[in-house]
Every structure is written in structure tokens, then in C-alpha cells.
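Have a look at the structure below before the remarks.
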Protein chains: 4
Amino acid sequence: MASKPPTTPRKNASQERSRATVDALIEATARILVREGFEKTSTNRIAEVAGVSVGSLYQYFPGKEALVAAVIHRHQEEIMAIVRTTLREIADMPIEKAVRRLVSVAIETHRINPKLQRVLAEQIPRAGKLDSEAFIREVHSLVRAYFEKHCKELRKIDLDIATFICVSTIEAVAHNVVLNQAEVLPEKMVKVLVEETTRMVVGYLR
Amino acid sequence: MASKPPTTPRKNASQERSRATVDALIEATARILVREGFEKTSTNRIAEVAGVSVGSLYQYFPGKEALVAAVIHRHQEEIMAIVRTTLREIADMPIEKAVRRLVSVAIETHRINPKLQRVLAEQIPRAGKLDSEAFIREVHSLVRAYFEKHCKELRKIDLDIATFICVSTIEAVAHNVVLNQAEVLPEKMVKVLVEETTRMVVGYLR
Amino acid sequence: MASKPPTTPRKNASQERSRATVDALIEATARILVREGFEKTSTNRIAEVAGVSVGSLYQYFPGKEALVAAVIHRHQEEIMAIVRTTLREIADMPIEKAVRRLVSVAIETHRINPKLQRVLAEQIPRAGKLDSEAFIREVHSLVRAYFEKHCKELRKIDLDIATFICVSTIEAVAHNVVLNQAEVLPEKMVKVLVEETTRMVVGYLR
Amino acid sequence: MASKPPTTPRKNASQERSRATVDALIEATARILVREGFEKTSTNRIAEVAGVSVGSLYQYFPGKEALVAAVIHRHQEEIMAIVRTTLREIADMPIEKAVRRLVSVAIETHRINPKLQRVLAEQIPRAGKLDSEAFIREVHSLVRAYFEKHCKELRKIDLDIATFICVSTIEAVAHNVVLNQAEVLPEKMVKVLVEETTRMVVGYLR
DNA sequence: AATGAATGAGGCTTCATTCAT
DNA sequence: CATGAATGAAGCCTCATTCAT
């Protein structure tokens with residue numbers, strides 16, 4: 001049963017030196033993922049870049065997967081923090097303003113570290129599924145809560161379906177704007193896209 | 001050495017055999033990707049499953065990447081064939097009917113081989129980027145052509161932007177319906193989602 | 001369950017080159033065990049001494065244990081061949097002559113490769129238990145068959161117990177003569193020990 | 001720093017603590033050897049099981065070998081204590097009674113901790129050879145002394161040879177009874193084996 | 001003394017690729 | 001062309017040991 005090494009950290013690194021080592025390892029992993037790609041991300045290389053020995057790596061992580069998982073986790077936490085803040089900010093806004101803000105923020109979050117984003121997108125199916133599901137669920141529940149609160153502004157509509165469609169749409173546009181259209185997209189275009197996406201979503205909701 | 005004149009052209013025979021070998025190799029690669037995952041997809045294993053020797057594999061493909069690329073290519077051709085057919089079918093339909101059909105087809109194509117889809121999604125950024133870009137460009141241009149033809153049904157709108165948003169949206173919904181909501185999504189729900197997505201997109205376009 | 005690599009060969013090495021490689025690997029393992037000890041017996045070293053690459057080693061054996069097992073097996077076969085021959089030779093001899101021969105042969109077999117013997121003795125509990133049990137069982141059944149055939153020369157006695165005690169005794173004396181008393185035991189002493197052991201065993205049996 | 005005069009001598013206290021640590025380490029080593037096998041017996045694991053840090057381990061022992069050697073030593077001392085006591089007990093007994101007792105005790109000592117026995121048997125050639133030789137020599141000299149004292153009961157015989165053969169035999173029977181015949185040997189059988197072995201040895205000696 | 005984080009040599013194993021047959 | 005044995009670089013991981021605190 002337990003043939004594969006787990007993806008959870010080995011120690012709870014309470015001491016200071018430990019903590020620094022753990023951080024260095026996660027940071028190194030993220031850097032290598034971005035700069036050299038997943039294939040090059042070996043435990044020896046991670047240790048080297050982190051400035052520690054392989055032994056230390058294995059003292060805190062059961063293997064490469066666990067490190068990638070930690071990077072994913074850290075990244076998702078970063079994004080979730082923004083999402084939570086945004087949802088709080090828009091809580092009382094009317095839907096048009098709220099949706100516009102959501103679309104903008106979605107694009108902004110995708111711009112935080114597009115390369116890491118892209119590499120992680122490749123790896124999530126493998127290493128971060130559980131984490132990702134929780135992540136997705138939280139996003140959905142926050143958005144749904146907003147819709148619920150503002151249901152008077154909406155036409156009669158199943159909130160779960162509306163949430164599903166809107167989140168998918170906004171995420172997809174943001175993803176494609178940042179990752180597929182590369183970085184050569186003029187700022188003006190982005191503004192237009194934000195407006196258009198907002199228009200579509202809002203038009204759909206009410 | 002070859003003193004006896006062959007009745008079936010030597011070349012044809014060997015061409016056929018080559019073709020069969022190549023197909024077997026691609027098929028084996030796809031199967032292993034789906035059934036055993038990318039990590040287990042080694043050239044030796046591919047050759048074994050294809051029923052040929054590793055040597056033969058290297059006679060037809062320069063390496064593992066080429067095989068994965070071939071699988072991606074084959075898969076995308078399969079999908080493109082459907083997309084092209086669909087666009088031809090809807091060419092003269094009014095946008096609502098057309099969009100509804102597009103959404104349905106998008107979901108259908110994602111259902112062709114979700115596991116392969118998922119594994120390839122992980123690998124495309126690495127092995128199939130070029131192919132994928134061509135793929136995306138063709139989809140966009142086909143959809144844009146449809147919009148152009150039916151621009152009288154549309155409000156005043158930048159066709160590139162509309163295409164970008166609509167394709168992103170439809171693709172995202174289809175992707176999430178199939179891959180994230182797993183196969184536990186009741187058929188009825190799918191129909192509703194098709195309707196809702198159609199409503200959003202059509203509402204946006206006109 | 002299948003966490004540990006098995007100790008059985010991977011391929012049945014029917015082809016000639018394969019066979020040579022397999023032999024070289026087993027031979028190398030035996031040599032290293034004898035000359036450098038178990039601790040130094042690493043897969044890389046074995047491959048090196050065998051004059052092949054590690055890759056080849058793993059083509060035929062799933063790991064170090066399997067190689068040690070193969071050495072044990074080969075060694076036991078060698079000894080079993082002698083034991084079988086001896087039992088056939090003594091089949092019609094009276095017990096005194098027969099026992100004397102058995103004791104002599106036991107000492108001889110222990111002298112075949114004392115160092116290997118010693119190293120294997122360390123490792124048998126780990127890697128060769130199954131093999132060893134079969135080995136012991138065969139020895140017992142051969143000796144018991146002799147006793148059965150010659151039961152008229154024996155006093156009334158449980159043959160299984162007699163076999164157990166006699167085999168244990170002869171084996172122990174031979175083992176200690178060769179391995180513990182080192183090689184500094186004068187030949188004359190050995191002859192005396194053979195006589196004395198024979199006397200004890202024969203005296204016990206009749 | 002040490003301003004308060006201790007009521008219990010500082011040195012004693014620390015000596016006691018040291019002693020406890022040393023014992024804990026040896027005990028832990030023995031336990032791991034028995035429960036997890038030699039391969040799993042690492043210094044880190046030993047320290048962990050002993051409840052001390054690796055650093056402390058190295059404060060008391062120069063390395064792993066020393067710990068295994070200590071376990072062997074302790075175990076042999078345990079057995080030697082029994083052997084010495086037994087030889088003292090049988091000092092004045094006639095040989096038949098004495099031999100019977102020796103055989104029984106040999107089996108008993110092998111039963112003390114068969115698993116440890118077995119693991120140590122694997123390791124002794126490596127780590128405990130010196131110790132073992134002293135052990136064997138002492139056993140021989142004690143037994144020889146008994147024979148010398150009782151030589152009137154014996155036929156004319158070289159005492160060294162008699163000792164060698166008898167000790168080998170008794171040890172071998174006890175070893176095989178306990179380790180090879182596993183624990184599935186009915187008690188009745190053991191009694192018979194004790195009797196038979198005694199018969200053989202005594203028959204040989206007089 | 002005790003601690004335990006850190007080290008890194010070295011063992012194990014896989015797999016893309018080559019090449020003699 | 002096909003075969004599959006052979007290769008060996010490169011990755012994974014453990015563990016005896018050290019050393020700063």
C-alpha cells in the first residue's frame with residue numbers, strides 16, 4: 001500500500017534553523033521549477049540551490065513530490081489570500097462593479113508568477129490534486145455566498161450553476177489572457193477584455 | 001540478393017509494415033500514458049507493449065518526446081476533425097442554435113478520452129506547444145469566420161475579442177464539466193449547463 | 001506486499017551472450033563476497049568485477065539479494081552433487097565404512113571454499129532460507145534412506161531422530177574442523193577426528 | 001557554577017546516568033536487531049529507540065560496530081554465566097548425568113533469545129570474532145577440566161579431541177533443535193533428543 | 001555532557017539510447 | 001530492417017558521523 005512516498009512534510013520544523021532550511025528548500029524548488037523546468041527539478045539540484053545537503057532535504061521532505069506539493073500549497077495560499085480579501089471588498093458592491101473587480105483580480109493573480117503558474121498547472125494533476133480541490137471548493141463557496149447575498153440583483157437562477165459557469169469563465173479568460181496570449185498583450189486590450197468579460201457575465205446573471 | 005521479382009511491390013509491403021509499426025507505437029504510447037501514467041512511459045515499455053523491439057522504435061522515432069508529440073498530434077487531429085465538421089454544419093445556423101451545438105460538441109470532445117486528455121494536458125506545455133498553438137489558432141479562425149459570416153446577428157463588437165472570450169468560455173466550461181466534475185455529473189445537469197452556457201454566450205454576442 | 005525485490009532471476013537467459021553475462025555476475029559476486037566481504041558487495045562493484053554495466057546486472061537480477069541467492073544456490077548445488085554421489089557410493093557399504101566416508105566427505109565439502117562458506121553462512125539466514133531448507137531436507141531424506149536400507153545393522157531406533165542427530169553431528173564436526181580450527185590443523189589430527197567421529201556415530205547407531 | 005555542595009556525589013550521579021545511557025543503547029540495539037533486523041539497525045534508529053540523541057550515542061560508542069559488539073558481548077556473558085554455573089553444578093556428577101544436564105542446558109541457552117541468537121550468528125564473524133574465540137576457548141577449557149577430573153570414568157582418549165567432538169555435537173544438536181526445527185517441535189521430542197544425544201556422547205566417552 | 005541539524009559519500013536503480021548480430 | 005543485450009549517466013535515497021549550540 002505505502003509504496004509511494006507521501007507528499008506531506010516529515011517534521012514540523014519548529015526550531016529556527018529547521019524553519020530556515022525548509023523555507024530555503026521550498027524556495028529553491030519554486031525557482032528551479034520556474035527557471036529550469038520540472039524535468040530538471042531533482043532532489044540534488046534542489047538541495048544545491050537551497051544551499052543545503054541532500055540529507056537535509058530528506059530530513060524535512062520525503063521526496064521531490066512533497067516539495068512540489070509544498071510549492072503548490074504556498075502558491076495557492078498566496079492566491080487564496082487575495083481571493084478572500086477581494087471577496088470581502090466586493091461584499092457590498094453591486095454585481096457589475098463586483099464582477100469587474102473579480103475579473104481584474106483574476107488576471108492580476110495569474111500575473112503574480114505566470115511561469116510558476118504554468119509549471120504548477122502541469123504538475124497539479126499529479127501532486128496537488130487534493131489541495132487544488134479544496135482550493136476550488138473554497139473559491140466556489142465564497143463566490144456563491146456573494147451571489148446569495150445579492151440574489152435580488154440576479155434573475156431567477158440556480159446559484160450553483162451560476163457560480164460554476166461564472167468562475168469557470170472568469171478563470172479561463174484570466175488564464176488565457178496571461179498564459180496563452182503571452183506577455184505581448186497591450187494593456188489597452190486587457191482593459192477591453194475585462195470590460196467585455198464583465199459585460200458577458202453580468203448580462204448572464206441578471 | 002533479391003533475385004525473385006516480388007508480385008507485391010516490395011516497397012508497398014514494407015511501407016505498409018512500417019505504417020503498422022508506427023501506429024502500434026503511437027497506440028502503445030497512448031495506452032501507457034492513460035493506463036500507467038507519464039512516469040511509467042518509457043521507451044522500453046512502449047516497444048514492449050507495441051510488440052516491437054526498442055531498436056525498431058528508434059528506427060521510426062528519434063526519441064520518447066517524438067512519440068508523445070505524435071500522440072498529441074493524433075489526438076488533436078481527432079478533435080480538429082470534429083471541430084471542422086461542426087463548424088461546417090453550423091455555418092448557416094443562427095447563432096443561438098450554433099452556439100448550443102458548439103457547447104455540446106466541446107463537451108463531447110472532452111469526453112472522448114478524458115484520461116488521455118488529462119495526461120496530455122500535463123505534457124503539452126513541454127512537448128506539444130507548437131502543435132497546440134496551431135490548433136488554437138485554427139479553432140479561433142474557424143469561429144471568427146463564423147462570426148464574420150453572421151455579424152448581422154451580432155451587436156457591434158470586435159470579432160477577435162468576441163472569439164477569444166467565447167472560445168475561452170466554452171472550452172473552460174467543457175473542460176471543467178468533464179475533468180473537474182468527474183463523471184459523477186448527472187446527464188440532466190449537463191443539459192442545463194449547455195443551456196446556461198449558451199444563454200450567456202448568446203446574450204453576450206447580441 | 002511486494003515491497004522487497006524478489007530473489008529470483010528476471011530472465012531465463014537462453015541466449016548465449018546473456019548466459020555468459022549471468023555467469024560472470026554470479027562469479028563476480030562470489031569473488032567479492034570471498035575477497036572483500038558482504039559489506040563491500042555492492043551492485044556497482046559486482047558489475048565492475050563482472051566486466052559488465054550495472055544496467056546489465058539489473059537486466060538479469062532484481063538486486064543484490066538475488067545475486068547472493070544465486071551464489072548460494074550454485075554453491076549448494078555443488079555440494080549436493082557431492083552428497084548425492086557419496087550416498088550412492090555408500091549405499092551398499094556397512095555402516096562403519098559408510099559413516100567414515102560421510103564424515104570424510106563432509107569435511108571435504110567444507111574445504112571446497114571455506115571463505116565463501118563462511119560468508120554464505122552469515123547470509124543464508126537472510127537470503128537463502130528457502131533454498132537451504134530444501135537442501136537440508138534432501139540431505140536428511142538421503143541419509144534416512146540409507147539407514148532404512150541398513151536397519152538390520154542398527155539397534156532399535158527412531159530413524160528420524162537418528163538421522164537428525166547424526167547429520168547434525170557430522171555437519172558440526174566438519175564445520176568446526178574447517179572453519180573454527182582454521183587451516184592450521186595438522187592432517188594427522190583430521191584423520192583422528194574422522195575416526196573418533198565415526199566411532200561415536202557408529203557406536204550410537206548400533 | 002556548582003556552588004551548592006551536592007549530597008549525592010556528583011560523579012556518582014553522572015556515572016549512574018552514563019551507565020543507564022549505555023545500557024539503554026545496548027538494549028535498544030538488541031531490540032532493533034531482533035525486531036527489525038540488521039539492515040534496519042542504524043545509529044539514528046538506535047539512539048531514537050534508546051531515547052537519547054545520536055550525539056550521545058557517539059559519546060559512549062565509537063560507532064555502530066561497537067554497539068553490535070557490546071550486544072554480542074552481553075549475550076555471550078549471559079550464556080557464559082549459565083555455562084559456568086552448570087559446569088560447577090555438574091563437577092561431581094557422573095558423566096551420564098553430567099552430559100544429560102549439559103545437553104539440556106545447551107538447549108535452554110539457545111532458547112533464551114533465538115532471534116537475537118540468529119541475528120548475532122550472522123554478525124559474529126564480522127564484529128565479534130575475538131570475543132567468540134575467547135568464549136569458545138573458555139567453554140572448551142571448562143569441559144575439558146570436567147573430563148580431566150572424571151577421566152577414570154572415561155576410556156583411554158585424547159581429552160582435547162573428546163572435548164572438541166562433544167562440544168561440537170552438543171552445540172550442534174541444541175542449535176538445530178532450537179533454530180532449525182523452529183518452535184514447532186513437541187516437548188516430548190525434545191526430551192527424546194536429549195536422551196539420544198546423551199546416549200551418543202556418553203557411549204562415545206566410555 | 002546532551003542535542004539534533006547538517007553533512008555527503010556512496011549505495012541502489014531506472015531508462016533513453018546505441019550497436020553488434 | 002529487426003532485434004534485444006548492453007551501456008552508463010543520472011536520479012533517488014540512506015545513514016554513519018560531525019559539530020555548533
Side-chain angles (χ1 to χ4, degrees), chain A residues 5 11 13-22 39-48 50-65, chain B residues 10 14 17-18 21 39-48 51-67, chain C residues 5 11 13-22 39-48 50-65, chain D residues 13-14 17-18 21 39-48 51-67:
Chain A
K11 288 190 183 181
S14 51
Q15 287 171 35
E16 204 182 327
R17 200 144 61 119
S18 302
R19 182 58 204 246
T21 301
V22 166
E39 312 267 87
K40 296 276 180 60
T41 307
S42 70
T43 49
N44 285 301
R45 184 96 185 86
I46 292 171
E48 184 189 323
V52 301
S53 65
V54 233
S56 291
L57 185 156
Y58 281 95
Q59 197 132 98
Y60 298 107
F61 296 92
K64 182 166 64 153
E65 300 234 320
Chain B
R10 177 74 54 94
S14 73
R17 214 147 82 97
S18 295
T21 302
E39 312 268 272
K40 296 269 181 67
T41 306
S42 66
T43 49
N44 284 297
R45 184 98 184 85
I46 291 170
E48 185 190 323
V52 301
S53 64
V54 232
S56 292
L57 184 156
Y58 279 92
Q59 207 116 99
Y60 295 108
F61 293 91
K64 185 163 76 149
E65 301 237 318
L67 273 157
Chain C
K11 287 191 183 179
S14 52
Q15 289 172 32
E16 205 182 326
R17 199 144 61 119
S18 303
R19 181 58 204 243
T21 301
V22 166
E39 312 268 87
K40 296 276 181 60
T41 307
S42 70
T43 50
N44 283 300
R45 185 95 185 85
I46 292 170
E48 184 189 323
V52 301
S53 67
V54 235
S56 290
L57 185 157
Y58 280 95
Q59 197 131 100
Y60 299 107
F61 296 91
K64 184 167 64 152
E65 301 234 320
Chain D
S14 74
R17 213 146 83 98
S18 293
T21 301
E39 313 267 273
K40 297 270 181 67
T41 307
S42 67
T43 49
N44 284 297
R45 184 99 184 84
I46 292 170
E48 184 190 324
V52 301
S53 65
V54 232
S56 292
L57 184 155
Y58 279 92
Q59 208 120 97
Y60 294 108
F61 293 91
K64 184 163 78 149
E65 300 236 319
L67 272 156

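In the text below, chain A, chain B and the rest are named by the order of the sequence lines, each starting its count at 1.
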**Asked** Between Tyr60(C) and dA6(F), is there a side-chain N or O to OP1/OP2 distance below 4.0 Å?
**Response** yes
**Residue whose closest nucleotide on DNA chain E lies nearer the 5' end, Arg45(C) versus Ser56(D)** = Ser56(D)
**Prompt:** Does a nitrogen or oxygen in the side chain of Thr43(A) sit under 4.0 Å from OP1 or OP2 of dC12(F)?
**Reply:** yes
**Prompt:** Leu57(A) has an atom CG; how far is it from atom P of dG11(F), in whole Å?
**Reply:** 14 Å
**Prompt:** Is Gln59(D) near enough to dA2(E) that one of its side-chain N or O atoms lies under 4.0 angstrom from OP1 or OP2?
**Reply:** yes
**Request:** Go through the N and O atoms of the side chain of Asn44(A) and the base of dA10(F), and report whether any donor-acceptor pair is under 3.5 Å.
**Result:** no
**Message:** Taking 4.0 Å as the cut-off, does a side-chain nitrogen or oxygen of Ser53(D) come that near to OP1 or OP2 on dT3(E)?
**Reply:** yes
**Asked** Between dA10(F) and Ser42(A), is there an OP1 or OP2 to side-chain N/O distance shorter than 4.0 Å?
**Response** no
**Prompt:** Given atom CG of Leu67(D) and atom C1' of dT17(F), what is their separation to the nearest angstrom?
**Reply:** 13 Å
**Request:** Using a cut-off of strictly less than 4.0 Å, decide whether Tyr58(A) has a side-chain nitrogen or oxygen near OP1 or OP2 of dT14(F).
**Result:** no
**Request:** Classify the nucleic acid contact of Gly63(D) as base, sugar-phosphate or nothing, counting any heavy atom under 4.0 Å across all strands shown.
**Result:** sugar-phosphate
**Asked** Using a cut-off of less than 4.0 Å, is there contact between a side-chain N or O of Thr21(A) and OP1 or OP2 of dA6(E)?
**Response** yes
**Item:** Complementary nucleotide for dA10(F) - Watson-Crick or wobble, under 3.5 Å
**Value:** dT13(E)
**Request:** Indicate whether OP1 or OP2 belonging to dC12(F) is found under 4.0 Å from a side-chain N or O atom of Lys64(A).
**Result:** yes
**Prompt:** Quick one: OG1 on Thr43(D) to CZ on Phe61(D), what's the gap to the nearest 0.5 Å?
**Reply:** 12.5 Å
**Request:** Check the distance between dC12(E)'s P and Glu48(C)'s CD and give it to me in whole angstrom.
**Result:** 13 Å
**Item:** Closest-nucleotide ordering on DNA chain E, the 5'-leading residue of Val52(A) and Thr41(B)
**Value:** Val52(A)
**Message:** The side chain of Val54(C) is closest to which nucleotide in this list: dG4(F), dT17(F), dA9(F)?
**Reply:** dA9(F)
**Item:** Interatomic distance where CZ belongs to Phe61(C) and P belongs to dA6(F) [whole Å]
**Value:** 12 Å
**Request:** Write down the partner of dA1(E) under the Watson-Crick or G-U wobble criteria, each distance required to be under 3.5 Å.
**Result:** none
**Prompt:** Under a 3.5 Å cut-off for both distances, is dG4(F) Watson-Crick or wobble paired, and to whom?
**Reply:** dC19(E)
**Item:** Between dG11(F) (P) and Ile46(A) (CD1): distance, integer Å
**Value:** 11 Å
**Complete:** When rounded to whole Å, the CD to P distance for the pair Glu39(C) and dT14(F) reads 19 Å
**Request:** Locate the shortest heavy-atom distance separating Ser18(A) from Tyr60(A); write the atom from each residue and the value.
**Result:** OG-OH, 3.0 Å
**Message:** Could you check whether any side-chain N or O of Lys64(C) sits under 3.5 Å from a backbone N or O of Ile46(C), counting only pairs where one atom can act as donor and the other as acceptor?
**Reply:** no
**Request:** Find the distance between CG (Leu57(A)) and CD (Gln59(A)) and round it off to the nearest 0.5 Å.
**Result:** 10.0 Å
